[in-house]
Amino acid sequence: MTTSTTITFAVMFYLATAVLVLGVARKIIQYARTPAPLKIPTTPAPTTKAGVAARLFREIVLFESLFKGSKWTWLFGWLFHFGLLIVLMRHLRYFTEPVWWLAAVVNNIGVYMGWVMVIGLLGLLARRYLVDRIRYISSPSDFLMLFLIIAIGVSGLLIKHVFHSDIVQLKAFMLGLIKFNWQPLPPDPILLIHLSLVIVLMLIFPISKLLHAPGIVFSPTLNQVDNPREHRHVTPWANPELPSRTDKR
């Protein structure tokens, strides 16, 4: 029989998923519709669309500009993001049956990537405390995001290595959410804390600075071709005779 805990978490996961998907979609649409008033690519910038695509790829995968700006920040930031990516890929095994090949491939290394993710986060947290100019511009929300994700990572490691939970029952619960056939959730305290923190992160993600994840693609300093001499860049509201969309050639 479905318990009150199972019902509560099932409803909260549905709500959090709706907020996350609709909130992020809304921001992406807003980013896409916001005109860029000037040609402002960060130089040296590519002069072709293929070059822009390559630049965005290097920025998203390798954090190229961060590497040029601060090697320590780049190291901890890349460790966190790479560890998070592998951990999320490994978590696909809880949502798929049979398990997707991608989750199976990273299953073994994913166990250690949780530690890598937390180490990267602790390095970024230390940076906000120890570097004066970074601490000066840091807001409470910056620390909140770091503490929240660290808590998620640490609670996940505790479940894996200390307070073991019934993984089979947990997977049945997750698959039940997808199929709208709710199954009992394991009543382990650390697991419930871990899931609660994940739900909180999903709810606040669309209104947080974590939106830099999709937002980087829409950054005019990165996605513009450096051709101000070849093509005049005019926004629609600056010239009513132009089409309603910005010329992004």
Side-chain angles (χ1 to χ4, degrees), residues 9-10 12-25 27-28 56-57 59-63 66 74-125 144-161 164-165 167-168 170-179 185-186 190-217:
F9 275 87
M12 289 304 298
F13 266 114
Y14 287 137
L15 175 62
T17 301
V19 170
L20 176 65
V21 173
L22 296 178
V24 172
K27 291 303 295 186
I28 289 176
L56 283 172
F57 176 83
E59 192 66 35
I60 294 171
V61 177
L62 303 176
F63 300 178
L66 186 59
W74 172 84
L75 175 62
F76 289 122
W78 199 85
L79 286 176
F80 159 58
H81 286 87
F82 180 72
L84 176 63
L85 174 63
I86 301 300
V87 167
L88 290 177
M89 291 167 60
R90 185 173 184 268
H91 275 60
L92 288 175
R93 66 192 182 121
Y94 297 116
F95 302 91
T96 57
E97 184 59 43
V99 176
W100 287 357
W101 67 270
L102 190 60
V105 167
V106 302
N107 184 60
N108 292 330
I109 189 176
V111 175
Y112 305 100
M113 287 299 103
W115 294 99
V116 172
M117 182 184 78
V118 172
I119 290 172
L121 285 166
L122 292 174
L124 295 175
L125 179 62
L144 173 63
M145 292 297 101
L146 285 171
F147 282 125
L148 177 59
I149 303 176
I150 288 173
I152 292 174
V154 171
S155 60
L157 290 173
L158 288 175
I159 295 172
K160 177 63 181 177
H161 300 287
H164 301 286
S165 184
I167 301 302
V168 175
L170 174 61
K171 180 170 182 175
F173 170 77
M174 291 301 177
L175 290 175
L177 290 180
I178 296 174
K179 299 176 181 178
L185 179 66
I190 300 300
L191 175 62
L192 298 182
I193 292 174
H194 181 71
L195 296 179
S196 297
L197 293 172
V198 171
I199 289 173
V200 171
L201 179 61
M202 294 171 67
L203 289 172
I204 66 177
F205 187 96
I207 56 173
S208 71
K209 292 183 180 180
L210 298 177
L211 279 171
H212 67 265
I216 187 173
V217 179

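Numbers for residues simply follow the sequence, beginning at 1.
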Looking at Ala16 and Leu203, what are the two nearest heavy atoms and their distance? CA-CD2, 3.6 Å
If I compare all heavy atoms of Leu191 with all of Ile159, which pair ends up nearest, and what's the gap? CA-CD1, 3.6 Å
Rounded at 0.5 Å granularity, tell me how far CG in Leu148 sits from CG in Leu197. 6.0 Å
Could you tell me if the side chain of Met89 sits less than 4.5 Å from the side chain of Trp100, heavy atoms only? no
Using a 4.5 Å cut-off on heavy atoms from C-beta on, say whether the side chain of Leu192 contacts that of Phe9. yes
Here the gap from Ile119 atom CD1 to Phe76 atom CZ, rounded to the nearest 0.5 Å, amounts to 9.0 Å
Which value, rounded to the nearest 0.5 Å, describes the distance between Leu125 atom CG and Phe147 atom CZ? 5.0 Å
Nearest-0.5 Å distance, CG of residue Leu75 to CG of residue Leu79: 4.5 Å
Note: Ile149 and Phe80 closest approach over all heavy atoms is CG2-CE1, 3.9 Å
Determine, stepwise, if the pair Lys27 / Ile207 fulfils side-chain contact (heavy atoms from CB on, under 4.5 Å). CA-CA 9 Å; Lys27 291 303 295 186; Ile207 56 173; over 6 Å; no
Any heavy-atom pair between the side chains of Leu92 and Val99 that's under 4.5 Å? no
With a 4.5 Å heavy-atom cut-off, do Ile86 and Tyr112 have their side chains touching? no
Donor-acceptor check, side chain of Tyr14 to backbone of Leu177, threshold 3.5 angstrom: yes or no? yes
Give, for atom CZ of Arg93 and atom CG of Asn107, the distance between the pair rounded to the nearest 0.5 Å. 5.0 Å
So does Ile109 have more than 12 non-hydrogen atoms from other groups sitting under 6.0 Å from CD1? no
To the nearest 0.5 Å, how far apart are OH in Tyr94 and CG in Leu175? 12.0 Å
Closest heavy-atom contact between Met174 and Phe13? CE-CZ, 4.1 Å
Residue pair Met202 / Thr17, side-chain heavy-atom distance below 4.5 Å: yes
Check Ala213 against Phe205 and note the closest heavy-atom contact, atom names and distance. CB-CZ, 4.5 Å
Is the ring pair His194/His91 parallel, tilted or perpendicular, if the boundaries are 30 and 60 degrees? tilted
When you measure from the side chain of Arg90 to the backbone of Ala103, do you find a donor-acceptor pair of N or O atoms at a distance under 3.5 Å? no
Kindly indicate whether the side chain of Ile60, heavy atoms from C-beta on, has any atom under 4.5 Å from the side chain of Val217. yes
Taking side chain as C-beta onward, heavy atoms only, is Met145 less than 4.5 Å from Ser208? yes
Mutual orientation of the aromatic rings belonging to His161 and Trp115 [parallel < 30°, tilted 30-60°, perpendicular > 60°]: tilted
Val24 versus Pro206, closest heavy-atom pair with distance: N-CB, 4.1 Å
